[in-house]
Amino acid sequence: MSKAMDQQNYSRVAEFVLLGLSSSWELQCFFLVCFNLLYIGIVLGNFLIVFTVISDPALHTPMYIMLSNLSVLDVLLATFATPKMIHDFLHEPKIISFEGCMTQIFLLHVFAGGEMVLLVAMAYDRYVAICKPLHYASIMNLCKCTGMVVGSWVIGVLHSLSQLAFTVNLPFCGPNIVDSYYCDLTLVIKLACTDTYIPEVLMLLDSGLMGVTSFLLLLISYTVILVTVRRHSSAGTAKARSTLTAHITVVTLFFGPCIFIYVWPFGSFRVDKVFSVFSTIFTPILNPIIYTLRNKEVRFAMHKLKTRYVRLPFLFHT
């Protein structure tokens, strides 16, 4: 028995098997085409926003600097798992190494955590712009904006390291099937050969608390802003309402799936896959659509880029 226990102590799962989105070959072929097109759209759409902001000096303001960083995070959030998922549609079984699995968990929480903090920073920027317009230039200067962007990345990394701290050393010695298309922390923890109640509680306190706290801060910020906007009626407030609608839409789309997955991590919900796809694929492609279609400054800057660099009128409808 002692020898068996020693073998169990030193054995570790070398790889995990991902079940993906479906076992149907027809559905996998359909998903292959769809997610290829979606991923291309995510990369092109978000990098177009980044290039537009960099190229137009009129957009070198805190709001658009944060928006371009949001686009970078969206591309990375879609990239940590989507290319492998597309590759796996053509391969059986869908294998990922232990190190690759831990890397996916780390990257997901870096990018998702960073985006949560960045969305809070963007809400603060809008709060200052609308509620304290006379002091905006002094409060939201370039130095503070840079600090907020860097801070969002730092908090994302620290958040992710705290998740891995109680995950990477768990004893994975037997089950290795993950019912998802990437290594989701909520699913991987359950595969450990030990009582996972404490790790799951720690995960809930970490990810759940961060998500709910960020969401509440955003709700408070936008409530104050909306109350302020309702007290005025002018062209400026109409523009503010349009911007706020875009921000609130993005916040709802991003935080809804995250809160569902990490606030109720103990249950077994088939809709988890739907929410995972939505938060890592559909939200990153919706963000550039929401911000460009509802933002006159970005559309005007893209029109100038079209005039300067390319002449493809079907790509940029004026």
If I compare all heavy atoms of [X] with all of [Y], which pair ends up nearest, and what's the gap?
| X | Y | answer |
| --- | --- | --- |
| Ser68 | Val50 | O-CG2, 3.5 Å |
| Pro175 | Cys193 | CD-SG, 4.3 Å |
| Ile42 | Ile281 | CD1-O, 3.3 Å |
| Ala301 | Leu59 | CB-CD1, 3.6 Å |
| Pro284 | Pro288 | O-CD, 3.0 Å |
| Ile189 | Glu200 | CG2-CG, 3.8 Å |

Evaluate the side-chain proximity of [Y] to [X]: yes if any heavy-atom separation is below 4.5 Å, no if none is.
| X | Y | result |
| --- | --- | --- |
| Leu218 | Val120 | yes |
| Met203 | Gln163 | yes |
| His159 | Met116 | no |
| Thr82 | Met85 | yes |
| Met302 | Asp56 | no |

Any chance you could measure [X], atom [atom1], to [Y], atom [atom2], to the nearest 0.5 Å?
| X | Y | atom1 | atom2 | result |
| --- | --- | --- | --- | --- |
| Asn36 | Phe31 | CG | CZ | 13.5 Å |
| Thr167 | Met102 | OG1 | CE | 6.5 Å |
| Ser162 | Asp206 | OG | CG | 3.5 Å |
| Lys132 | Thr228 | NZ | OG1 | 10.5 Å |
| Ile130 | Ser221 | CD1 | OG | 11.0 Å |
| Ser160 | Leu107 | OG | CG | 7.5 Å |

Over 60° means perpendicular and under 30° means parallel, so classify the ring planes of [Y] and [X], tilted if in between.
| X | Y | answer |
| --- | --- | --- |
| Phe172 | Phe16 | perpendicular |
| His91 | His87 | parallel |
| Phe111 | Trp153 | perpendicular |

| request: Show the numbers, then the answer: is there a side-chain hydrogen bond (donor to acceptor under 3.5 Å, both in side chains) between Thr280 and Tyr181? | output: CA-CA 11 Å; Thr280 60; Tyr181 64 93; 2.6 Å; yes
Keeping [X] on the side-chain end and [Y] on the backbone end, is there a donor-acceptor pair under 3.5 Å?
| X | Y | value |
| --- | --- | --- |
| Thr196 | Pro199 | no |
| Lys94 | Asp88 | yes |
| Ser279 | Ser276 | yes |
| His60 | Ile54 | yes |
| Glu15 | Ile95 | no |

Taking a hydrophobic cluster as the set of Ile, Leu, Val, Met, Phe, Trp and Tyr residues connected by side-chain heavy atoms closer than 4.5 Å, whether directly or through intermediates, do [X] and [Y] fall within one such cluster?
| X | Y | answer |
| --- | --- | --- |
| Leu90 | Ile96 | yes |
| Val17 | Leu21 | no |
| Val168 | Phe80 | yes |
| Leu77 | Ile40 | no |
| Val150 | Leu142 | no |

Report, one line per pair, each donor and acceptor closer than 3.5 Å where one atom sits in a side chain of residues 208-216; sequence neighbours left out.
residue, atom, partner, partner atom, Å
Thr213, OG1, Leu209, O, 2.6
Ser214, OG, Met210, O, 2.9

| message | Phe106 and side-chain contact (heavy atoms from CB on, under 4.5 Å): which single residue from Val110, Leu108, Thr103 fits? | response |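 Going through the options one by one, the only one that passes is Val110.
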| Knowing that exactly one of Asn69, Leu118, Leu119 qualifies, which makes a side-chain contact (heavy atoms from CB on, under 4.5 Å) with Ser152? |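 In the set Asn69, Leu118, Leu119, the residue that makes a side-chain contact (heavy atoms from CB on, under 4.5 Å) with Ser152 is Leu118.
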Got more than 12 heavy atoms from elsewhere within 6.0 Å of [atom1], [X]?
| X | atom1 | value |
| --- | --- | --- |
| Phe166 | CZ | yes |
| Phe47 | CZ | no |
| Tyr136 | OH | yes |

| request: Output, in order, the C-alpha distance, side-chain angles, deciding distance and verdict of side chain to side chain contact (heavy atoms under 4.5 Å, CB included) for Leu44 and Leu48. | output: CA-CA 6 Å; Leu44 293 180; Leu48 176 60; over 6 Å; no
| request: Please test Met140 against Met148 for side chain to side chain contact (heavy atoms under 4.5 Å, CB included), starting from the C-alpha separation and ending with a verdict. | output: CA-CA 10 Å; Met140 284 302 300; Met148 287 181 171; 4.1 Å; yes
| query | Passes salt bridge (Lys or Arg N to Asp or Glu O under 4.0 Å), Arg299 versus Glu297? Steps please. | reply | CA-CA 6 Å; Arg299 294 203 307 270; Glu297 286 82 359; over 6 Å; no
| task | Evaluate the criterion side-chain hydrogen bond (donor to acceptor under 3.5 Å, both in side chains) for residue pair Tyr39 and Thr79; output intermediate values, then yes/no. | result | CA-CA 8 Å; Tyr39 183 67; Thr79 302; 2.8 Å; yes
| Stepwise, does the side chain to side chain contact (heavy atoms under 4.5 Å, CB included) test hold for Tyr64 with Thr52? | CA-CA 10 Å; Tyr64 294 108; Thr52 301; over 6 Å; no
| field | Residues Ile139, Lys144; criterion side chain to side chain contact (heavy atoms under 4.5 Å, CB included); working and verdict | value | CA-CA 8 Å; Ile139 296 176; Lys144 179 172 285 188; 3.9 Å; yes
